[in-house]
A.B. asks: 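Once you've had a glance at the structure underneath, I'll fire off some questions.
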Amino acid sequence: DVCSSDLFPSHDKRRKMNDAETVLRHAIALNPKDVVALTNMTSIHQHNGDAKEALMNCLEIIEINPHSAVTFNNLGCAFAEMHMFDEAKEAYQTSLEIDGNYCESLINLGKLYSDICEPDKAIELYEKAIKLFEKSNDPRQDFAKFYLSFELLSKGMLKEGWLNYESGFSPTIPRLARRSPDRDFNIPKWQGQIISGKKLLIWREQGLGDEIRMYSILKELPSREMDITVECDTRLIKILSDSFPTIHFRQQIIFEGALAGLIKNEFDFHCPTSSLPHLFRNELESFSATTPYIFPSKERAEKFKHQLATKNSKIKVGICWRSGLLHNTRNMHMTHLIDWQPILTDPRISVVNLQYGECEAEISEVEKLYDCEIIRFRDLDLKNDLEGTFSLTSALDYVITTGTAVLDIAGALNIPTFALLKDAWIFFGDKTKYAWYPNVAPFVSNIDEPLAGQLSKVHEILDQKIKIEAGSLS
């Protein structure tokens, strides 16, 4: 959300928020009705993730000045952060009643409609904001275009959506929302043309799962006509090199300032990974037959398969129940291991841990609670040894996961996967399918519904598959 303020730019840019907060508290102590100081303090609270304090600040300002579009916009941001969507909507609408052309509220109300899966209303608001920005030649039009892209994609309007998504590096977009890293190149951006004899650099952006997903497009690149280098997560270099032998992979190298010219000497064109769909995924049909495209070590995969087979003859199901990074927004898209009882206690299933990060205490507690076993390979670092993680995953019969990189690892391997997800643009208008991976079956919850509620449905489907497989073997 876009919290409006006149926050001291020097403090903001240097992230000296503590210094700014000290100055603002002093100003408010001298004059408790200093609206500018109170508004800037609201931004401090928003930056620190303290929505309740931001809310209280806004209410104080409204008592002083009940006719501020800025303050009602900020009030809406605070409510939205607390997932009080009805109250947030009312605050944004009040802001727009005061000033119908206040673009921050247009964008934030659009974002709220996006969150509650009403894309048509979001599109209307974003398009109005874009027109206002364009009229005044305001660079924030890129901000609105980027947010608009997700709504267009959510309706299956891929060509228009990916085109607007290209605005995602704009500095007008809040830092945590924009595409990153924002790299400065003095060579042209590649537009999909064959450039025989030329050198192309494709560079990583976003998170690990996004990166793996975009590499499904690599096999469609004319790598025999062009010299292609991909800068990827260092953990992926070996397995990607083995999977795409005509492409060179290396760790990310960012040259800045005077050294930026070194890229020009080394490459002729560049392209960020998440710009590849704009060139190669403009119709739903273009997603067909994309997997498998990553191939782990056969030796390591067979070793894991043998180790699992010696334990028992049950169906081997890998599980991942949350992200390794936990905060309020991500937690909405996660589950707790204790929620997985239907899967953990099924005597026909042998559960294998794919959860990376610190989770041993959580696993041990649940094993005692349900008298079950979750298989762990304690000598495998699931986070840092990604070749090993791919190899283990390839040895499984099924994977059940939330929206983590495990989904993309299993997807890239073509392992049958049940994905617990929130409704989002990534479905391109059809929640029954996951276009990137035909082997992934999505189980989708609305924004206000817990993902754990889908686990009983997953177990029902898995039960049917196990019975069918047992019948075919008998």
A.B. asks: Using the six-membered ring of Phe169, assess whether NZ or CZ of Arg178 lies under 6.0 Å from its centre and within 45 degrees of the ring axis.
C.D. replies: no
A.B. asks: Closest heavy-atom contact between Ser323 and Met334?
C.D. replies: N-SD, 2.9 Å
A.B. asks: Stepwise, does the side-chain contact (heavy atoms from CB on, under 4.5 Å) test hold for Val406 with Val399?
C.D. replies: CA-CA 9 Å; Val406 170; Val399 167; 4.0 Å; yes
A.B. asks: Between Glu231 and Arg183, is the closest basic N to carboxylate O distance under 4.0 Å?
C.D. replies: yes
A.B. asks: What I want to find out is whether Arg348 reaches Asp346 closely enough, with some N-O distance under 4.0 Å, to be called a salt bridge.
C.D. replies: yes
A.B. asks: Checking side-chain contact (heavy atoms from CB on, under 4.5 Å) against Tyr398, which of Ile315, Ile343, Ile461 comes through?
C.D. replies: Ile315
A.B. asks: Kindly indicate, with the supporting measurements, whether the criterion side-chain contact (heavy atoms from CB on, under 4.5 Å) is fulfilled by Lys199 and Ile228.
C.D. replies: CA-CA 6 Å; Lys199 295 182 178 181; Ile228 300 176; over 6 Å; no
A.B. asks: Kindly say whether Glu205 contributes a backbone atom to a donor-acceptor pair with the side chain of Glu211 at under 3.5 angstrom?
C.D. replies: no
A.B. asks: How far does OG of Ser350 sit from CG of Leu396, to the nearest 0.5 angstrom?
C.D. replies: 9.5 Å
A.B. asks: Do Glu360 and Arg376 meet the salt-bridge criterion of a basic N to acidic O distance under 4.0 Å?
C.D. replies: yes
A.B. asks: Do the two ring centres, one from Phe377 and one from Phe304, sit under 6.0 Å apart?
C.D. replies: yes
A.B. asks: Could you list the residues that satisfy side chain to side chain contact (heavy atoms under 4.5 Å, CB included) with Asp210, not counting sequence neighbours?
C.D. replies: Gln206, Arg213
A.B. asks: How far apart are the closest heavy atoms of Ser167 and Ile173, and which atoms are they?
C.D. replies: O-CD1, 3.5 Å
A.B. asks: Can you tell me if Thr417 uses its side chain to pair, donor with acceptor, with the backbone of Ile415 under 3.5 Å?
C.D. replies: yes
A.B. asks: Show the numbers, then the answer: is there a salt bridge (charged side-chain N to carboxylate O under 4.0 Å, His left out) between Glu118 and Lys121?
C.D. replies: CA-CA 6 Å; Glu118 295 189 35; Lys121 291 181 179 179; 3.1 Å; yes
A.B. asks: Are Glu104 and Lys111 close enough for a salt bridge, meaning some N to O gap below 4.0 Å?
C.D. replies: no
A.B. asks: Looking at Lys189 and Glu166, is any side-chain nitrogen of the basic one under 4.0 Å from a carboxylate oxygen of the acidic one?
C.D. replies: yes
A.B. asks: Okay, side chain of Tyr147, backbone of Ile123: is any donor-acceptor separation there less than 3.5 Å?
C.D. replies: no
A.B. asks: With sequence neighbours left out, what residues match Tyr165 under ring pair (Phe, Tyr, Trp, His ring centres under 6.0 Å)?
C.D. replies: Phe146, Phe150, Trp162
A.B. asks: Hey, are Asp385 and Arg300 close enough for a salt bridge, meaning a charged N less than 4.0 Å from a carboxylate O?
C.D. replies: yes
A.B. asks: Looking at every non-hydrogen atom in both residues, tell me the closest pair between Ile44 and Ala20 and how far apart they are.
C.D. replies: CD1-CB, 3.9 Å
A.B. asks: What closest approach, in Å, do Cys359 and Trp321 show between heavy atoms, and which atom pair accounts for it?
C.D. replies: CB-CZ2, 3.9 Å
A.B. asks: If the threshold is 4.0 Å, N to carboxylate O, is there a salt bridge linking Lys305 and Glu302?
C.D. replies: no
A.B. asks: In terms of heavy-atom contacts, does NZ of Lys198 have more than 12 from other residues, nucleotides or ligands at under 6.0 Å?
C.D. replies: no
A.B. asks: If you measure from the Lys or Arg side-chain nitrogens to the Asp or Glu carboxylate oxygens, is any gap between Arg281 and Glu220 under 4.0 Å?
C.D. replies: yes
A.B. asks: Write down the atom of Tyr215, the atom of Phe244, and the distance for their closest heavy-atom approach.
C.D. replies: O-CZ, 3.6 Å
A.B. asks: Are Leu337 and Glu362 close enough, and set up right, to give a side-chain contact (heavy atoms from CB on, under 4.5 Å), and what steps lead you there?
C.D. replies: CA-CA 7 Å; Leu337 183 56; Glu362 197 175 355; 3.8 Å; yes
A.B. asks: Out of curiosity, Lys314 NZ to Ile375 CD1, how far, rounded to the nearest 0.5 Å?
C.D. replies: 8.5 Å
A.B. asks: Could you tell me whether a side-chain N or O of Tyr113 sits under 3.5 Å from a main-chain N or O of Pro119, the two making a donor and an acceptor?
C.D. replies: no
A.B. asks: Which heavy atom of Thr335 sits nearest to which heavy atom of Arg322, and what is that distance?
C.D. replies: O-CB, 4.0 Å
A.B. asks: May I ask you to check whether Phe287 and Phe428 place their ring centres under 6.0 Å from each other?
C.D. replies: yes
A.B. asks: Looking only at atom types and distance, does a side-chain atom of Asp50 sit under 3.5 Å from a main-chain N or O of Gln46, one as donor and one as acceptor?
C.D. replies: no
A.B. asks: Kindly determine whether Asp408 and Tyr437 satisfy side chain to side chain donor-acceptor pair (under 3.5 Å), including the steps that lead there.
C.D. replies: CA-CA 8 Å; Asp408 295 282; Tyr437 306 118; 2.8 Å; yes
A.B. asks: CZ of Phe269 to CD1 of Ile195: how many Å apart, nearest 0.5 Å?
C.D. replies: 4.5 Å
A.B. asks: I want to check something: taking the side chain as every heavy atom from C-beta on, are Gln251 and Cys232 in contact at a cut-off of under 4.5 Å?
C.D. replies: no
A.B. asks: Sub-3.5 Å donor-acceptor pair from the side chain of Gln454 to the main-chain atoms of Val444, do we have one?
C.D. replies: yes
A.B. asks: Between CG of Asn74 and NE2 of His45, what distance do you get to the nearest 0.5 Å?
C.D. replies: 12.0 Å
A.B. asks: Judged by modelled atom types alone, do Thr404 and Thr402 share a side-chain donor-acceptor pair under 3.5 Å?
C.D. replies: no
A.B. asks: Could you give the distance from CD (Glu87) to CE (Met82), rounded to the nearest 0.5 Å?
C.D. replies: 9.0 Å
A.B. asks: How far does OG of Ser216 sit from CE of Met214, to the nearest 0.5 angstrom?
C.D. replies: 7.5 Å
A.B. asks: Heavy-atom count check: over 12 atoms from other residues, nucleotides or ligands less than 6.0 Å from Gln252 CD?
C.D. replies: yes
A.B. asks: Stepwise, does the side-chain contact (heavy atoms from CB on, under 4.5 Å) test hold for Leu163 with His278?
C.D. replies: CA-CA 6 Å; Leu163 178 62; His278 171 52; 3.8 Å; yes
A.B. asks: Please test Ser275 against Arg179 for side chain to side chain donor-acceptor pair (under 3.5 Å), starting from the C-alpha separation and ending with a verdict.
C.D. replies: CA-CA 10 Å; Ser275 289; Arg179 294 169 65 180; 3.0 Å; yes
A.B. asks: Determine whether Ser114 and Glu151 satisfy the following criterion, side chain to side chain donor-acceptor pair (under 3.5 Å), listing intermediate values before the conclusion.
C.D. replies: CA-CA 7 Å; Ser114 173; Glu151 307 315 305; 2.6 Å; yes
A.B. asks: Counting only heavy atoms not in Asn446, do more than 12 fall under 6.0 Å of its CG?
C.D. replies: yes
A.B. asks: Quick one: do Glu373 and Lys368 make a salt bridge, cutoff under 4.0 Å?
C.D. replies: no
A.B. asks: Do Trp203 and Phe267 have their ring centres less than 6.0 Å from each other?
C.D. replies: no
A.B. asks: Heavy atoms, side chains only, cut-off 4.5 Å: are Leu218 and Phe280 in contact?
C.D. replies: no
